[in-house]
Amino acid sequence: MRFSNEWILAFDFFNWAQTQTDYKHSPESYNLMVDILGKAKKFELLWDLIDEMKSLGDCYISFLTMTKVIRRLVRANMFKEAMDVFRGIERFGLSKDTSMLNILMDSFVNGDSVDHAQQVFLEFKDSLPVNTQTFNILIQGWCKAGKVGIARKIMEEMERHGCQPNALSYTCLARFYCDKKDFRKLNGILNEMKIKDCTPTVATYTTLMCLLGKSKQINEALEIYKRMNESDCAPETSSFNSLIFILGKAGRLKDAEEVFNDMPKKGAMPDEVTFNTLIFCYCDHLQEEKALKLLQKMENMGFKPDLKTYAALLKMSCSKKRMKLIYFLLNHMYNNNISIDVSIYSVLISGLCKSERVEHACSFFKEMISKEFLPQDGLYDRLREALEAKNMVEEKEKIEKLMLMAKKRRTVS
DNA sequence: GTAGGGTTAG
């Protein structure tokens, strides 16, 4: 919210630079400005700028320019306008092609409006060559919308059209089945791919493994890992990160550790995500020493801990009621130039409430407000409940007043 | 961020 007027600064600077003699904006800076105005939803100014670009000659408005315009219009829910830009793209000196159609459809799907994507598909599929990507965008959209039947129909149409569904098409289906907790079908995806002679990639295996793991289907996830190794796909760092997460979350810390230690031998070096993941697993199981040791190792190896690292460690410290450790970690963050954000306050306050360290939770709440952060209602409610349970009436009133003030401040600015 | 994959949480 505080930065919502940044576009004005950018725009002023852009216009000022223009007034300097001998200076002409490059097409790239025009594109950047178009994107900034679109992000701020200042479409009138955006169209003025486009007109200016048009008057400057042919090379100013490019495919990239109109891509930005389309994506920003869709993000602002201006679906009809986005479609009209594509329908009349010739006005900008460009011609309709498959990539631009795909951009338009992809924007709609990302804006959760697969209907619009389908509509433009129908409108243009006979006049423009559509490709695998075009179909995959629709498959992804319909799966996201929970209409797997239509996604399957698109796959059939795709084949009739001479495009073979690829690994990505099937990954979309897998995500759908995972959301629906239909693990039988999810597990069947690899076999279905085999029948269709579609070769899974590392990304396919990693995605499936991760989806199953997050749905607590540990054995099935490990089965995917096995199949990956039996195939020609060598697991990559991200595959191992998934595997470590799955094992660790299931409490198999020894196994997770072994995977971690074996990574270099298998040609995949651990990265910051690997460290964060294993640290998270240790914290999740209150293994304080191991977690801190790994933090040390992470730094020794030149990886910087980030907010995720500290969030995990702080959550554990709260569960273990280790106030000293909390302050040690906050200091650690400070030394690493990482400032405490809303998510960290949220971890601290809710964690301390849970551990009945309500006074400490209150002081972090006050600190949070003094830094002009607005606590989420859920967090506020949790603190109030904790205070009520402890019969801390006065403190509760103080907190309520503070929250009111913070909300007022927010509506004024 | 601009077609796919990895860590946060109840």
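Only a predicted model underlies this, so the values are computations on that prediction, with no experimental measurement involved. Within every chain, numbering begins at 1; the chains are lettered A, B, ... in the order of the sequence lines, protein sequences first and strands thereafter.
- Looking at A/Thr201, its side chain has no donor and acceptor atom pair within 3.5 Å of the base of B/dG5.
- Each of B/dA3, B/dG5, B/dT7 was ranked by its minimum atom distance to the side chain of A/Asn166; first place goes to B/dA3.
- Atom C1' of B/dT7 sits at a distance of 23 Å from the matching atom of B/dA3, rounded to the whole Å.
- The interatomic distance linking A/Leu212 (CG) with B/dG5 (P) rounds to 16 Å, in whole Å.
- Of the candidates B/dG10, B/dG4, B/dG1, B/dG10 carries the atom nearest the A/Lys315 side chain, counting heavy atoms from C-beta on.
- Residue pairs meeting the side chain to side chain donor-acceptor pair (under 3.5 Å) criterion with at least one partner in residues 218-237 of chain A, sequence neighbours excluded, are A/Asn191-A/Arg227.
- No side-chain heavy atom of A/Lys153 sits under 4.5 Å from any side-chain heavy atom of A/Trp142.
- Comparing B/dT7, B/dG4, B/dG1 by their closest approach to the side chain of A/Ala203 singles out B/dG4.
- Near DNA chain B, meaning a heavy atom under 4.0 Å away, the residues from residues 123-148 of chain A are A/Gln133, A/Asn136.
- The aromatic rings of A/His116 and A/Phe79 lie tilted to each other, with the angle between the two planes from 30° to 60°.
- If you check the side chains of A/Ser107 and A/Asn110, you find no donor sitting under 3.5 Å from an acceptor.
- The residue A/Glu236 sits close to a base: some heavy atom pair falls under 4.0 Å.
- Annotation: A/His360 is not in aromatic contact with A/Phe364 [ring centroid separation under 6.0 Å not met].
- Taking every side-chain heavy atom of A/Phe245 into account, B/dT8 is the closest of B/dG1, B/dG5, B/dT8.
- Residue-level contact check: A/Thr204 touches the bases, meaning some heavy atom is under 4.0 Å from a base atom.
- The residue A/Val347 sits apart from the nucleic acid: no heavy atom pair falls under 4.0 Å.
- Of the C1' atoms belonging to B/dG4 and B/dT8, the separation is 22 Å, rounded to the nearest Å.
- For the pair A/Ile244 CD1 and B/dT8 P, the computed distance is 13 Å after rounding to whole Å.
- When rounded to the nearest whole Å, the span between CD1 of A/Ile103 and C1' of B/dG1 equals 11 Å.
- Checked against B/dA3, B/dG5, B/dT7, the side chain of A/Asp106 finds its nearest nucleotide in B/dA3.
- Residue A/Thr207 has its side chain nearest to B/dG5 when only B/dG5, B/dG4, B/dG1 are considered.
- The separation between A/Arg175 atom CZ and B/dA3 atom C1' is 12 Å, rounded to whole Å.
- The CE atom of A/Met209 sits 14 Å away from the P atom of B/dG5 (whole-angstrom rounding).
- Across all strands, A/Thr237 comes closer than 4.0 Å to base atoms (heavy-atom distances).
- Out of B/dT8, B/dG4, B/dG5, the shortest distance to the side chain of A/Ser239 is found at B/dG5.
- With hydrogens and angles left out, the side-chain atoms of A/Thr201 and A/Thr204 include a donor and acceptor closer than 3.5 Å.
- Among the atoms of the strands shown, none is found under 4.0 Å from any heavy atom of A/Asn102.
- Residues A/Ile224 and A/Thr206 fail the side-chain proximity criterion, which asks for heavy atoms closer than 4.5 Å.
- Per the geometry, CD1 belonging to A/Ile70 stands 21 Å off P belonging to B/dG1, to the nearest Å.
- Atom P of nucleotide B/dG10 and atom CG of A/Asp377 are separated by 20 Å, given to the nearest angstrom.
- The CG-C1' distance, from A/Asp284 to B/dT7, rounds to 12 Å in whole Å.
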Contacts under 3.5 angstrom, residues 176-190 of chain A side chains, donor-acceptor by atom type, not counting sequence neighbours:
residue, atom, partner, partner atom, Å
A/Tyr177, OH, A/Arg152, NH2, 2.9
A/Asp182, OD1, A/Lys185, N, 3.3
A/Asn187, ND2, A/Phe183, O, 2.9

